[in-house]
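When a ligand or atom number is given, it counts from 1 through the structure's own listing order.
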Amino acid sequence: MTPGRFTARGLVFLFNGNSVPMKKVNDSGSIDNLVVVFGDQLSCRNAVFQKIDKNRDAVWMAEVDAEAEFVWSHKARIAVFLSAMRHFRDKLLEKGYRVFYTEIEDEENHGNLENELLAALRRLKPDKVVCSQPGEWRIQRLLESACKQTRIPYEIRPDSHFLCSLEEFEHHCEDRKELRMEYFYREMRKRTGLLMKDEKPVGGEWNYDKQNRESFGSEGPQDLPLPLSFEPDKITDEVIQIVKRRFRDYPGSLKNFDWPVSRKQAQKALRDFLRNRLRLFGDYQDAMWTDEPFLYHSLLSSSLNLKLLDSLEVVQSAEEEYSKGRAGITAVEGFIRQIIGWREYVRGVYWRFMPDYIDGNALEADFSLPAFYWTANTDMRCLHEVIQQTLEYSYAHHIQRLMVTGLFALLLGVSPREVHKWYLAIYVDAVEWVELPNTLGMSQYADGGIMASKPYAASGKYIQRMSNYCRQCRYEPSKRAGERACPYSTLYWDFLARNEKRLSENRRMTLQLKNLQNLDRIELKDIRKEADRIRSQLT
Ligand code: FAD
Ligand code: SF4
């Protein structure tokens with residue numbers, strides 16, 4: 001019998017490896033607190049586990065189809081969640097917790113989280129439900145609704161995985177006309193003491209971003225250290241078979257699946273990054289190269305988001321690399337900034353502005369997402385490379401997401417909701433609290449400037465500077481109209497012209513708009529015609 005799950009014979013749970021009939025639980029009235037653990041809360045170190053009574057309390061977890069179907073998810077994204085959840089369940093059982101667990105293929109699976117939770121609450125009748133703050137607004141509402149419907153009191157505890165509580169973020173926002181990550185980041189450095197000496201930033205600067213923009217020379221990256229690969233174990237193998245069977249028509253491949261799915265593996269992945277890639281992480285953070293999807297990136301986002309790793313342990317161990325002289329300040333500061341800066345900041349933005357945030361469309365973009373985002377079938381080399389890699393690995397690094405796939409959607413004028421659904425579906429680390437502000441705010445400027453002080457709009461020349469993609473492309477980044485014009489360069493000027501009025505009050509857009517005004521009117525007319533042609537071909 002599968003441990004702790006609903007079966008055709010009714011609900012069973014497992015305690016110290018033994019399944020016990022459901023009836024006995026109710027008869028003894030033995031569940032004081034039912035600890036609800038969602039798929040991205042896989043940490044025994046979280047506050048909900050701190051005062052748990054292994055005899056009187058129990059843990060509830062469920063795999064449901066709806067979470068994979070909510071957006072048309074990459075197979076690897078589904079597999080990473082299911083496998084990590086099952087590994088976590090087994091860890092809890094090993095530690096002696098009582099666990100109620102529904103597997104995705106169980107006959108009585110209700111298919112979606114709300115119904116599954118409602119059914120469990122009705123059967124188990126715990127005195128109270130306890131949960132760590134869900135990552136997603138929708139899930140928090142669903143939890144509250146299930147508890148209200150069953151009249152079971154519930155307590156949502158702060159998620160101790162994050163270094164900045166939502167209250168502290170609100171406090172940071174008080175009396176500020178606009179939010180900027182940099183000021184938040186400095187506060188976080190002071191609060192955590194990371195890379196600080198005598199209350200001053202180590203090295204004298206808060207931010208070494210300008211030194212983090214190297215591209216590879218014409219020879220490209222040399223002797224790249226391959227990230228550690230985690231061969232699927234029995235649990236992951238089983239999950240992979242389920243995903244192949246159940247989500248056969250879903251996008252992406254499982255051929256390369258080797259993501260960490262347990263805390264032990266995630267810790268190994270962290271050590272591997274610190275030892276082999278952190279040193280050059282800063283220099284080449286923004287660079288891109290054909291057939292090199294990982295470069296010096298950490299690949300830790302899914303482990304962090306599933307809570308297999310704690311953000312504090314990650315940043316402290318990076319700081320140690322600096323203090324022991326094994327990595328320089330530009331690399332270590334750049335890495336720490338991503339985690340205590342950007343990652344904590346986007347979470348704050350998400351919770352401060354949801355639920356309205358998701359409807360943002362400041363540039364009134366309404367074009368459909370081109371079909372090639374699901375197939376990589378395009379002659380634009382940069383997009384082909386990044387999407388192909390995404391379908392193969394469910395991974396792309398930040399600049400590939402922001403300045404290749406995101407930039408094209410922005411320039412084309414794709415509906416931000418559609419762009420959001422694609423990013424939420426396609427990456428192994430995708431969870432809404434971090435994906436949405438990055439997509440809708442940073443990448444699409446759909447929040448009107450909450451996340452970014454101006455749109456990340458650029459022509460094909462940016463991609464040419466940061467990668468070798470253009471060398472193998474039939475288009476030319478310097479051409480903005482005509483047969484070989486790079487679609488990014490055409491659409492860049494069209495974007496500025498279309499949004500000129502909207503962006504004219506943004507001081508940070510002055511130079512770009514001045515360049516637009518200096519553009520020959522006849523050429524601009526040709527460019528806009530070309531942009532219309534591109535759009536009509538993509539409809
Ligand atoms: P590294 O480059 O090694 O960076 C280290 C860590 O810093 C990451 O693991 C991540 O936890 C954190 N980080 C870096 N940049 C950001 C950022 N902008 N916001 C939040 N955390 C950051 N990240 C996700 O975790 N989930 C998402 O769904 C997601 N969607 C994105 C969508 C778009 C359009 C963009 C532009 C970015 C998105 N990001 C997302 C942020 C970032 O691209 C990924 O965190 C990063 O590429 C993951 O790869 P890595 O672990 O190798 O990161
Ligand atoms: Fe992409 Fe344009 Fe470069 Fe081709 S020329 S790879 S479309 S930026």
Which ligand 1 atoms are under 4.0 Å away from a heavy-atom of Ser298? 1 (P), 3 (O), 5 (C), 9 (O), 50 (P), 51 (O), 52 (O), 53 (O)
Between Tyr427 and Tyr395, ring centroids under 6.0 Å: no
shortest atom 47 (O) of ligand 1-to-protein heavy-atom contact is with His398 N, 3.3 Å
Atom 2 (Fe) of ligand 2: the protein heavy-atom neighbour that sits closest, reported with distance to 0.1 Å: Cys486 SG, 2.4 Å
Which ligand 1 atoms are under 4.0 Å away from a heavy-atom of Ala396? 47 (O)
Is the contact between Tyr395 and ligand 1 made by the side chain, the backbone, both, or neither, using heavy atoms and a 4.0 Å cut-off? side chain
Specify the protein heavy atom at minimum distance from atom 23 (N) of ligand 1: its residue, its atom name, and the distance to 0.1 Å. Val434 CG2, 3.6 Å
Show the atoms of ligand 2 that are less than 4.0 angstrom away from any heavy atom in Pro477. 5 (S)
Glu321/Arg279 salt bridge by N-O under 4.0 Å criterion: no
Neighbour count >12 (heavy atoms, 6.0 Å) for atom CD, Glu231: no
Side-chain donor-acceptor pair present, Gln389, Gln400, cut-off under 3.5 Å: yes
Atoms of ligand 1 under 4.0 Å from any heavy atom of His397, numbered from 1 in the order shown, are 47 (O)
If you scan protein heavy atoms around atom 1 (Fe) of ligand 2, the nearest is Cys382 SG, 2.4 Å
Among Asn305, Asp40, Leu300, find the residue that satisfies the side chain to side chain contact (heavy atoms under 4.5 Å, CB included) test when tested with Asp429. Asn305
Does a donor on one side chain and an acceptor on the other come within less than 3.5 Å for Arg401 and Thr405? no
With heavy atoms of Met380 as the reference, note each atom of ligand 2 found under 4.0 Å away. 7 (S)
Report the part of Tyr427 (side chain from C-beta onward, or backbone N, CA, C, O) that has a heavy atom under 4.0 Å from ligand 1; answer both or neither where that applies. neither
Name the closest protein heavy atom to atom 5 (S) of ligand 2, giving the residue it belongs to and the distance to 0.1 Å. Tyr475 O, 3.5 Å
Checking a contact table here: which protein heavy atom is nearest atom 33 (C) of ligand 1, and how many Å away? Asn438 CB, 3.7 Å
How far is atom 4 (Fe) of ligand 2 from its nearest protein heavy atom, and which residue and atom is that? Cys473 SG, 2.3 Å
Looking at Tyr423, which atoms of ligand 1 are within less than 4.0 Å of one of its heavy atoms? 32 (C), 34 (C)
Against heavy atoms of Leu300, which atoms of ligand 1 measure under 4.0 Å? 9 (O), 51 (O)
Do Phe184 and Phe169 have ring centroids that are under 6.0 Å from one another? yes
Proximal candidate to atom 16 (C) of ligand 1 [heavy atom criterion; set Trp342, Tyr296, Phe294]: Trp342
Look at atom 25 (O) of ligand 1 and say which protein heavy atom is nearest, naming residue and atom and giving the distance to 0.1 Å. Asn305 ND2, 2.8 Å
With a cutoff of 4.0 Å, is Phe281 in contact with ligand 1, counting heavy atoms of the residue only? yes
Could you identify the single nearest non-hydrogen protein atom to atom 30 (N) of ligand 1 and state the distance to 0.1 Å? Arg401 NH1, 3.5 Å
Salt-bridge contact Arg480-Glu530 (side-chain N to carboxylate O under 4.0 Å): no
Taking atom types as modelled and ignoring hydrogens, do the side chains of Arg508 and Ser453 form a donor-acceptor contact shorter than 3.5 angstrom? yes
Answer with yes or no whether the side chains of Arg45 and Ser43 bring together a donor and an acceptor at under 3.5 Å. yes
Could you tell me whether Ser301 and ligand 1 have an N or O pair separated by under 3.5 Å? yes
Run the salt-bridge test on Arg138 and Glu136 with the 4.0 Å N-O cut-off and return the result as yes or no. yes
If you measure every N/O of Leu304 against every N/O of ligand 1, is any gap under 3.5 Å? no
Asn207 and Tyr185: side-chain donor and acceptor closer than 3.5 Å? no
Where does Thr405 meet ligand 1, judged by heavy-atom distances below 4.0 Å: at the side chain, the backbone, both, or neither? neither
We want to know whether Arg502 and Asn499 form a side-chain donor-acceptor pair, criterion being a heavy-atom distance below 3.5 angstrom. yes
Among protein heavy atoms, which lies nearest atom 2 (O) of ligand 1, and at what distance? His297 ND1, 2.7 Å
Numbered atoms of ligand 1 (with element) below 4.0 Å of Phe335, judged on heavy atoms: 5 (C)
Within a 6.0 Å radius of atom CZ on Phe367, are there more than 12 heavy atoms belonging to other residues, nucleotides or ligands? yes
Atom 27 (C) of ligand 1 - nearest protein heavy atom and its distance: Asp429 OD1, 3.3 Å
Could you tell me, atom by atom, which parts of ligand 1 come under 4.0 Å of a heavy atom of Ile339? 6 (C), 7 (O)
Specify the protein heavy atom at minimum distance from atom 15 (N) of ligand 1: its residue, its atom name, and the distance to 0.1 Å. Gln338 OE1, 3.4 Å
Any chance the side chains of Glu392 and Gln388 put a donor and an acceptor closer than 3.5 Å? yes
Are Glu178 and Arg180 close enough for a salt bridge, meaning some N to O gap below 4.0 Å? yes
With respect to atom 3 (Fe) of ligand 2, please indicate if Cys470 possesses an N, O or S atom at a distance under 2.8 Å. yes
Would Asp159 and Asn46 count as having a side-chain donor-acceptor pair, cut-off 3.5 Å? yes
